[in-house]
Amino acid sequence: MTELYSEKDINLINQQLKKRYTIIFIIFGLFLALVIWSFIVRIQWLSMVAVFLAGVTLVFGIDLFCLPLHRYRKLMTSALTGRTHIGTFEFKEAESDPSMVEGISCKSLIFLGEPDKHGSREQCFYWDAEHPLPDFKAGDQITLKYTGRNIIGWDKATN
């Protein structure tokens with residue numbers, strides 16, 4: 001079975017997060033030093049601007065540069081340590097446009113499985129857009145390893 005995530009991937013994400021937090025807090029520290037200096041020399045307008053820039057750096061820096069990595073790390077952690085399921089499904093189609101699922105860019109893949117209580121056989125699973133999509137053809141039997149609706153491993157089913 002081809003696994004999409006490994007412990008090495010989590011370590012790389014952790015290193016990226018550490019670098020990003022370091023850069024954000026260095027910039028925040030510079031603005032904070034400017035705030036302290038402006039309090040000492042009593043330049044009111046500079047104090048207000050420096051406080052504003054420090055807050056913007058902290059809030060937007062973390063929201064734009066760190067939270068997406070936290071969401072991605074959560075997906076990988078769930079894939080490696082969470083509850084997983086394995087099932088064989090018939091591939092039907094891949095939707096052309098990526099969508100955001102819990103803050104992660106994914107492609108929706110439609111598979112045909114066992115009918116549910118409403119009689120529908122279509123099941124939607126999400127493929128991480130960071131990984132290249134394998135060459136699935138309509139009608140292929142694919143064994144999926146998934147957590148929730150996110151695919152974390154796959155293999156061509158043997159008949």
Mind checking whether Glu7 and Leu80 have side chains closer than 4.5 Å, heavy atoms only? yes
For Phe60, the option from Leu58, Val56, Ile62, Thr57 that meets side chain to side chain contact (heavy atoms under 4.5 Å, CB included): Val56
So OG1 of Thr88 and CD of Gln141: to nearest 0.5 Å the spacing works out to 7.0 Å
Do other residues, nucleotides or ligands put more than 12 heavy atoms under 6.0 Å from the CD atom of Glu3? yes
Compare all side-chain heavy atoms of Cys66 with those of Leu69 and state whether any distance is below 4.5 angstrom. no
If you measure from CD1 on Ile13 to CE on Met76, what distance do you get to the nearest 0.5 Å? 4.0 Å
Could you give the distance from CE (Met1) to CD1 (Ile86), rounded to the nearest 0.5 Å? 5.0 Å
Please tell me if the side chains of Tyr5 and His131 come closer than 4.5 Å, counting only heavy atoms from C-beta onward. yes
Applying a strict under-4.5 Å side-chain criterion to I, L, V, M, F, W and Y, I'd like to know whether Val51 and Leu34 cluster together. no
Relative to the ring of Phe136, is the ring of Phe111 parallel (under 30°), tilted (30 to 60°) or perpendicular (over 60°)? perpendicular
Is it the case that the side chain of Thr147 and the backbone of Arg83 share a donor-acceptor pair, with hydrogens and angles ignored and the cut-off at 3.5 Å? yes
Using every non-hydrogen atom in the two residues, find where Val35 and Ser38 come nearest and quote the distance to one decimal. O-OG, 2.8 Å
In terms of the angle between their ring planes, are Phe25 and Tyr21 parallel, tilted or perpendicular, with boundaries placed at 30° and 60°? parallel
Can you tell if the side chain of Gln123 reaches within under 4.5 Å of the side chain of Leu112, non-hydrogen atoms only? no
Does Leu133 share a hydrophobic cluster with Ile151, counting links as ILVMFWY side-chain heavy atoms below 4.5 Å and allowing steps through other members? yes
Do Val49 and Val41 sit in the same hydrophobic cluster, where Ile, Leu, Val, Met, Phe, Trp and Tyr count as joined when their side-chain heavy atoms come under 4.5 Å apart? yes
When rounded to the nearest 0.5 angstrom, what is the spacing between NE2 in His85 and CD1 in Ile152? 9.5 Å
In the single-linkage hydrophobic clustering (I, L, V, M, F, W, Y; side-chain heavy atoms under 4.5 Å), do Ile10 and Tyr72 co-cluster? yes
If you measure from CG on Leu53 to CG on Leu32, what distance do you get to the nearest 0.5 Å? 12.5 Å
Does the side chain of Arg121 come within less than 4.5 Å of Lys92's, by heavy atoms? no
Is a side-chain N or O of Ser47 found less than 3.5 angstrom from the main chain of Ile43, in a donor-acceptor match? yes
Would you call Tyr146 and Phe89 a side-chain contact if the rule is heavy atoms closer than 4.5 Å? yes
Any pair with a residue in residues 123-141 that passes salt bridge (Lys or Arg N to Asp or Glu O under 4.0 Å), sequence neighbours left out, goes on the list, sorted by first then second residue, please. Asp135-Lys137, Asp140-Lys156
Would the distance check show the side chain of Arg71 and the main-chain N or O of Gly103 forming a donor-acceptor pair, the cut-off being under 3.5 Å? no
ILVMFWY cluster, Leu4 and Phe91 together (side-chain gap under 4.5 Å): yes
Which atom of Ala94 lies closest to which atom of Leu109, heavy atoms considered: CB-CD2, 3.4 Å
Do the side chains of Asn14 and Lys18 get nearer than 4.5 Å, heavy atoms only? no
For residues 29-52, pull every pair meeting ring-ring contact (aromatic ring centres under 6.0 Å, His included), keeping only residues two or more places apart or in separate chains. none
Could you walk me through whether Ser108 and Tyr126 pass the side-chain contact (heavy atoms from CB on, under 4.5 Å) check? CA-CA 5 Å; Ser108 298; Tyr126 300 112; 3.5 Å; yes
Looking at CE of Met100 and OG of Ser105, how far apart are the two atoms once the value is rounded to the nearest 0.5 Å? 6.0 Å
